[in-house]
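Below: one structure, written as structure tokens.
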Amino acid sequence: MKRLVLVVACALLDADNRVLIAQRPPGKTLAGLWEFPGGKVEPGESPEATLIRELKEELGVDTEAACLAPLTFASHAYEDFHLLMPLYVCRRWRGLPQGLEGQALKWVRARALRDYPMPPADEPLIAPLIDLL
Ligand code: 9L3
Ligand code: MG
């Protein structure tokens, strides 16, 4: 059976309901594709703790568990593992998001997300986000 990998992703929203997406940098898998920021859940970590850590590491943004609302989740079977990926919405956070790992960032309207090529796991997350916003 394929290995199961749990990755948590976040739709960080600004006051105008725009969503932050990040472009995976050269050298990483899926380089060039735009994704909801996030990363792998480590052993002993809650999904919320993962997101708080990843938002800090990747974007320099601070938030807390009470500001993370689960919206939906996606799954995708890659060649060598099966990805399960919940999406959280975060409207309350502090700091100015920066691409601390070399990734380009963009604030986009939910409806415009379809204009950006995304990893297959991220694409099904767009519709629930449009419905919410
Ligand atoms: N992934 C897909 N969409 C996302 C994120 C954050 C991650 N929004 C996929 C890409 C990799 C795996 O999850 O296959 C682990 O992500 P990373 O640790 O390479 O960023
Ligand atoms: Mg990541």
Side-chain angles (χ1 to χ4, degrees):
M1 214 170 70
K2 281 181 189 166
R3 185 164 54 98
L4 181 65
V5 173
L6 181 58
V7 167
V8 203
C10 184
L12 198 71
L13 302 184
D14 71 6
D16 216 19
N17 266 353
R18 290 180 310 168
V19 186
L20 188 75
I21 52 173
Q23 189 175 34
R24 294 179 64 85
K28 266 197 159 182
T29 55
L30 306 167
L33 298 183
W34 293 86
E35 68 178 12
F36 299 107
K40 286 189 189 105
V41 177
E42 288 175 2
E45 218 176 29
S46 68
E48 291 84 359
T50 300
L51 263 194
I52 292 166
R53 175 178 57 71
E54 291 280 349
L55 293 178
K56 186 70 175 177
E57 285 174 5
E58 296 183 353
L59 304 171
V61 160
D62 290 293
T63 190
E64 51 202 81
C67 302
L68 297 171
L71 179 64
T72 185
F73 67 90
S75 71
H76 184 78
Y78 284 97
E79 188 118 354
D80 49 341
F81 64 94
H82 199 104
L83 178 70
L84 182 64
M85 189 167 77
L87 179 73
Y88 284 71
V89 171
C90 179
R91 296 177 181 276
R92 290 180 44 228
W93 44 273
R94 292 175 300 279
L96 181 68
Q98 303 166 72
L100 295 178
E101 297 180 343
Q103 71 283 37
L105 302 180
K106 232 175 191 113
W107 287 103
V108 301
R109 302 232 150 263
R111 283 176 196 290
L113 286 169
R114 301 200 190 282
D115 299 338
Y116 296 85
M118 288 187 138
D122 295 59
E123 267 164 9
L125 302 173
I126 297 175
L129 202 51
I130 291 174
D131 288 347
L132 175 77
L133 301 175

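By convention here, the first residue in the shown sequence is residue 1. Each ligand, and each atom within it, is numbered from 1 in the order the structure gives.
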Subject >> Minimal non-hydrogen separation, Leu12 against Trp107, with atom names >> reply: O-CZ3, 3.4 Å
**OP:** Check the side chains of Asn17 and Arg109 for a donor-acceptor pair under 3.5 angstrom, ignoring hydrogens and angles.
**Re:** no
Subject >> Polar side chain donor-acceptor pair, Gln23 to Tyr116, under 3.5 angstrom >> reply: no
**OP:** Report yes if Thr29 has an N/O atom closer than 3.5 Å to an N/O atom of ligand 1; otherwise report no.
**Re:** no
**OP:** Decide whether the shortest distance between a heavy atom of Met118 and an atom of ligand 1 is less than 4.0 Å.
**Re:** no
**OP:** Considering only non-hydrogen protein atoms, determine which one is nearest to atom 2 (C) of ligand 1 and report residue, atom name and distance to 0.1 Å.
**Re:** Asp122 OD1, 3.4 Å
Original post:
Atoms of ligand 1 less than 4.0 Å from Lys28 heavy atoms?
Top reply: 20 (O)
Original post:
Which atoms of ligand 1 are found less than 4.0 Å from any heavy atom of Gly38?
Top reply: 6 (C)
**OP:** Taking atom NZ of Lys2 as the centre, report whether more than 12 heavy atoms of other residues, nucleotides or ligands fall under 6.0 Å from it.
**Re:** yes
Original post:
Can you list the ligand 1 atoms lying under 4.0 Å from a non-hydrogen atom of Phe36?
Top reply: 4 (C), 6 (C), 8 (N)
Subject >> Flag side-chain contact, heavy atom, 4.5 Å: Thr29 against Arg24 >> reply: yes
Original post:
Which ligand 1 atoms does Leu30 reach within 4.0 Å, using its non-hydrogen atoms?
Top reply: 10 (C)
Subject >> Environment of the Mg ion (ligand 2) in terms of protein N/O/S atoms, cut-off under 2.8 Å >> reply: Gly38 O, Glu58 OE2
Original post:
Only one of Val8, Val7, Leu6, Val5 clears side-chain contact (heavy atoms from CB on, under 4.5 Å) with Leu84; which?
Top reply: Leu6
**OP:** Show which atoms of ligand 1 fall inside a sub-4.0 Å distance from at least one heavy-atom site of Val7.
**Re:** 5 (C), 6 (C), 7 (C), 13 (O), 15 (C)
Original post:
Which is it for Arg53 and Glu45 under the side chain to side chain contact (heavy atoms under 4.5 Å, CB included) test, yes or no, and what are the steps along the way?
Top reply: CA-CA 10 Å; Arg53 175 178 57 71; Glu45 218 176 29; 2.6 Å; yes
Original post:
Could a heavy atom of Met85 be found less than 4.0 Å from some atom of ligand 1?
Top reply: yes
Subject >> Residue and atom name of the nearest protein heavy atom (relative to atom 1 (N) of ligand 1), distance in Å to one decimal >> reply: Glu35 OE1, 4.1 Å
**OP:** Heavy-atom distances under 4.0 Å are what count here, so tell me which part of Trp34 touches ligand 1: side chain, backbone, both or neither.
**Re:** neither
Subject >> ligand 1 atoms in contact with Phe81 (distance to a heavy atom under 4.0 Å) >> reply: 14 (O)
Original post:
At what distance is the nearest protein heavy atom to atom 9 (C) of ligand 1, and which residue and atom is it?
Top reply: Leu83 CD2, 4.0 Å
Original post:
Would you call Glu64 and Arg94 a salt bridge, taking side-chain N to carboxylate O under 4.0 Å as the test?
Top reply: yes
Subject >> Donor-acceptor contact below 3.5 Å, side chain Asp122 vs main chain Trp34 >> reply: no
**OP:** Name the closest protein heavy atom to atom 20 (O) of ligand 1, giving the residue it belongs to and the distance to 0.1 Å.
**Re:** Arg24 NH1, 3.0 Å
Original post:
Can you check whether Lys56 reaches Asp62 side chain to side chain, under 4.5 Å on heavy atoms?
Top reply: yes
Original post:
Nearest protein heavy atom to atom 18 (O) of ligand 1, by residue and atom, and its distance?
Top reply: Lys40 NZ, 3.9 Å
Original post:
Is the side chain of Asp14 donor-acceptor paired with the backbone N or O of Asp16 at a distance under 3.5 Å, no angle test?
Top reply: yes
Original post:
Within the side chain of Glu48, is there an N or O that forms a donor-acceptor pair under 3.5 Å with the backbone of Ser46?
Top reply: no
Original post:
Would the number of heavy atoms belonging to other residues, nucleotides or ligands and lying under 6.0 Å from OH of Tyr78 be above 12?
Top reply: yes
